[in-house]
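Computed from heavy atoms alone, side chains included, the values below leave out hydrogens, waters and symmetry copies.
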Amino acid sequence: QVQLVESGGGLVQAGGSLRLSCLASGLTLSRYGMGWFRQAPGKEREFVAVISWSGAATYYTDSVKGRFTISRVNAKNTVYLQMNSLKPEDTAVYYCAAALKAGTSSRAPDYAYWGQGTQVTVSS
């Protein structure tokens, strides 16, 4: 059974940092591109970042470029999202997901497995 478990969310002041982790089980992480998505109250789920199976390729939505960094350690079956210079508009539930393919995609339908999410709240 595939499980993705996010951790590291919490409450932080604007300008602060958080590091989210996503621990995968039941799959060989190195075969999957991995993404982070987020959903704010009353809004649709949106793409945040993705990393290819090897970590060689990454892609970010414009609003987080230069502030967020996605990384992975396949040997630990873990994907990370380092979030710096956080803004109140980053407040959302953050989800990690495993893509159907090993490459990069920003489209939610291209992802087969999803975690339960972790709440990130940024106060002004």
Flag if over 12 foreign heavy atoms under 6.0 Å of NZ, K65
yes

Checking the side chain of Q3 only, and the main-chain atoms of S25 only, is there a donor and an acceptor separated by less than 3.5 Å?
no

According to a 4.5 Å side-chain heavy-atom criterion applied to Ile, Leu, Val, Met, Phe, Trp and Tyr, with indirect links allowed, do I51 and L29 form part of one hydrophobic cluster?
yes

Quick check on the hydrophobic clustering: are M34 and V50 connected, directly or via other members, by side-chain heavy-atom contacts under 4.5 Å?
no

Residue pairs passing the ring-ring contact (aromatic ring centres under 6.0 Å, His included) test with at least one member in residues 58-83, sequence neighbours excluded, are F47-Y59

So, using side-chain hydrogen bond (donor to acceptor under 3.5 Å, both in side chains) as the criterion, who are the partners of T121 when residues are at least two apart?
Q119

Aromatic W53 / basic R72 pairing, under 6.0 angstrom, 45° off normal:
no

Tell me the disulfide bond (SG atoms under 2.5 Å apart) pairs involving residues 7-100, sequence neighbours left out?
C22-C96

Roughly how far, to the nearest 0.5 Å, is the CH2 atom of W36 from the OH atom of Y94?
10.0 Å

Considering only distance and modelled atom types, tabulate donor-acceptor pairs under 3.5 Å from the side chains of residues 7-20, sequence neighbours left out.
| unit_1 | atom_1 | unit_2 | atom_2 | d |
| --- | --- | --- | --- | --- |
| S17 | OG | N84 | OD1 | 2.9 |

When rounded to the nearest 0.5 angstrom, what is the spacing between CD1 in I70 and CE in M83?
11.5 Å

If I take atom OH from residue Y32 and atom CG from residue N74, how far apart are they, to the nearest 0.5 angstrom?
12.5 Å

Using the salt bridge (charged side-chain N to carboxylate O under 4.0 Å, His left out) rule, collect all pairs that involve residues 107-124, keeping only residues at least two apart or in two chains.
R107-D110

Solution key, residues 85-93 side-chain donor-acceptor pairs under 3.5 Å, sequence neighbours excluded:
| unit_1 | atom_1 | unit_2 | atom_2 | d |
| --- | --- | --- | --- | --- |
| D90 | OD1 | R38 | NH1 | 2.9 |
| D90 | OD1 | R67 | NH2 | 3.1 |
| D90 | OD2 | R67 | NH1 | 2.8 |
| D90 | OD2 | R67 | NH2 | 3.4 |
| D90 | OD2 | K87 | N | 2.8 |
| T91 | OG1 | P88 | O | 2.9 |
| T91 | OG1 | V122 | N | 2.9 |
| T91 | OG1 | V122 | O | 3.4 |

Do S52 side-chain atoms and A57 backbone N/O form a donor-acceptor pair below 3.5 Å?
yes

Nearest 0.5 Å please: distance from the CG atom of L81 over to the OG1 atom of T69.
8.0 Å

